[in-house]
Amino acid sequence: MTQQRPGDQRPGPFWAAARAHALSAATLHGLPAFPLTRSKLPAIATAHREPSATCTGQCGKAGHGVHDASADPATVRALFAAAPWAAGYGIACGQPPHFLFGLDLDRKDGTDGIANFRALAARYDFELPRTATVVTQSGGLHLWLTAQTDVRIPNTASLLAPGVDTRGSGGYLVGPGSLGPKGRYRFAPGSGPRHIASVPTRLLELLLTSTQAPERASQTPSPLGSPQRRLDGLVRTVRATRTARNNCLYWAARRAFAASDIDPEIATADLLAAALETGLSEAEAQHTLASAAKGAARSKETRT
């Protein structure tokens, strides 16, 4: 029996609409797009039998998740041709020309990320400007912002506040018009992709607090809470990541090991357990944690 190829399969009922929305985002607004399944995961199977943290498309094949994203219409068409089962599309964050940064405010399981974000803004005295806003399938919001080209914004889960996630470099947002398990994503009334505001400086400072030098962190209480809460946020981020898992683990470990008030042994154990839940092998995760520890140590030496 001959194996069925993507081109041999008729497009699913949601494919045409998803493709049209993705092409509009790419062609009219320069947003890098790639196909997603209805479960909001990359629709093209991995290009490598063994997931690779080093190949992000250099092999020339599709199947690298968010790294497949492109604002070139021909590339977007080719990606959707390889994914006839697609029901939506993702928009890559942290890529030119917009260097998109997303705030994902969840409303589910009794958590109101919208209310919690408003409380965070009031507590730290910043206002969020009017910007492109997408209503999610669960009634939450995706707020689109732009960041400076030299700032690498991390992907986090409930680190700033419960139900407040961030999507930065290596992450993606589900594009408006996509169909998820519970409904369709759509722009909020009066909103659209033409105006994407800059991220408020104070909000960016709060998010990047975990990258502060240990000596500065020891002098100034972290606005993000206790050492355990910050470590828990890093662990949740690793656990929630399904693409570039090694990169995410390395990022989280570097920040944990750089913090003078987080026990490195506890951090190692918690981050290792989270990495294993994502499907990384123990040997691979241990190697990444060791590399992060060495990197953090070198950074401390250069500051002394």
Side-chain angles (χ1 to χ4, degrees), residues 101-126 128 140-141 143 145 147 151-171 199-242 245 247-278 280 285 288-289 292-293 295-296 299-300:
F101 159 50
L103 277 172
D104 181 358
L105 310 182
D106 286 330
R107 268 184 170 167
K108 58 186 179 182
D109 301 327
T111 298
D112 190 338
I114 298 174
N116 291 339
F117 181 73
R118 288 173 179 162
L120 182 79
R123 180 181 179 187
Y124 292 105
D125 193 28
F126 67 85
L128 192 68
L141 297 176
L143 307 180
L145 299 165
V151 176
R152 184 176 177 84
I153 294 182
N155 298 283
T156 68
S158 294
L159 182 62
L160 291 173
V164 178
D165 302 341
T166 64
R167 299 291 178 262
S169 301
V199 58
T201 301
R202 182 58 175 145
L203 173 59
L204 187 60
E205 290 174 349
L206 285 173
L207 182 58
L208 299 180
T209 294
S210 61
T211 65
Q212 292 177 336
E215 55 267 28
R216 181 179 174 185
S218 64
Q219 295 168 5
T220 306
S222 168
L224 298 180
S226 68
Q228 186 59 53
R229 180 182 174 188
R230 297 193 332 268
L231 176 58
D232 288 345
L234 294 171
V235 169
R236 284 194 298 271
T237 300
V238 171
R239 188 176 288 127
T241 299
R242 290 295 179 269
R245 294 170 297 177
N247 292 345
C248 179
L249 176 60
Y250 182 84
W251 169 84
R254 277 293 298 264
R255 277 142 190 79
F257 295 149
S260 59
D261 54 354
I262 293 179
D263 188 319
E265 292 186 8
I266 294 176
T268 298
D270 289 355
L271 290 170
L272 176 60
L276 295 180
E277 289 182 21
T278 70
L280 284 176
T288 300
L289 289 168
S299 296
K300 290 178 181 179

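Just so we're clear, the structure is a prediction, and the values are computed from it rather than from any experiment. What's counted below: heavy atoms across the whole structure, side chains too, no hydrogens, waters or symmetry copies. Along the sequence shown, residues are numbered consecutively beginning with 1.
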Under the criterion side chain to side chain contact (heavy atoms under 4.5 Å, CB included), I'd like the reasoning laid out for Val151 against Val199: C-alpha separation, chi angles, the key distance, then a yes or no. CA-CA 11 Å; Val151 176; Val199 58; over 6 Å; no

Which heavy atom of Leu272 sits nearest a heavy atom of Ala285, and at what distance? CD1-CB, 3.7 Å

Closest non-hydrogen atom pair, Ala267 against Phe257: CB-CE2, 4.2 Å

Which atom of Asn155 lies closest to which atom of Ser169, heavy atoms considered: ND2-O, 2.9 Å

Taken to the nearest 0.5 Å, the spacing of Leu143 CG from Phe117 CZ works out to 6.5 Å

Least distance between heavy atoms, Leu289 atom then Thr268 atom: CD1-O, 4.0 Å

Any residue meeting side chain to side chain donor-acceptor pair (under 3.5 Å) with Asp112, in chain and number order, not counting sequence neighbours: Arg107

Does the Asp106 side chain pair with the main chain of Val164, one donor and one acceptor, at a distance under 3.5 Å? no

With Thr156, which residues qualify under side chain to side chain donor-acceptor pair (under 3.5 Å), at least two apart? Thr166

Polar side-chain atom of Asp165 near backbone of Asp104 as donor-acceptor pair, under 3.5 Å: no

Testing the basics here: between Arg236 and Ser158, what is the closest heavy-atom pair and its distance to 0.1 Å? NH2-O, 3.0 Å

Where Asn116 and Pro162 come nearest, the two heavy atoms and their spacing: ND2-O, 2.7 Å

Value for CG (Leu234) from CH2 (Trp251), rounded to nearest 0.5 Å, stands at 5.0 Å

How long is the span from the CG atom in Leu159 to the CG atom in Leu207, to the nearest 0.5 Å? 7.0 Å

Residues that Arg152 engages under side chain to side chain donor-acceptor pair (under 3.5 Å), provided they are two or more places apart: none

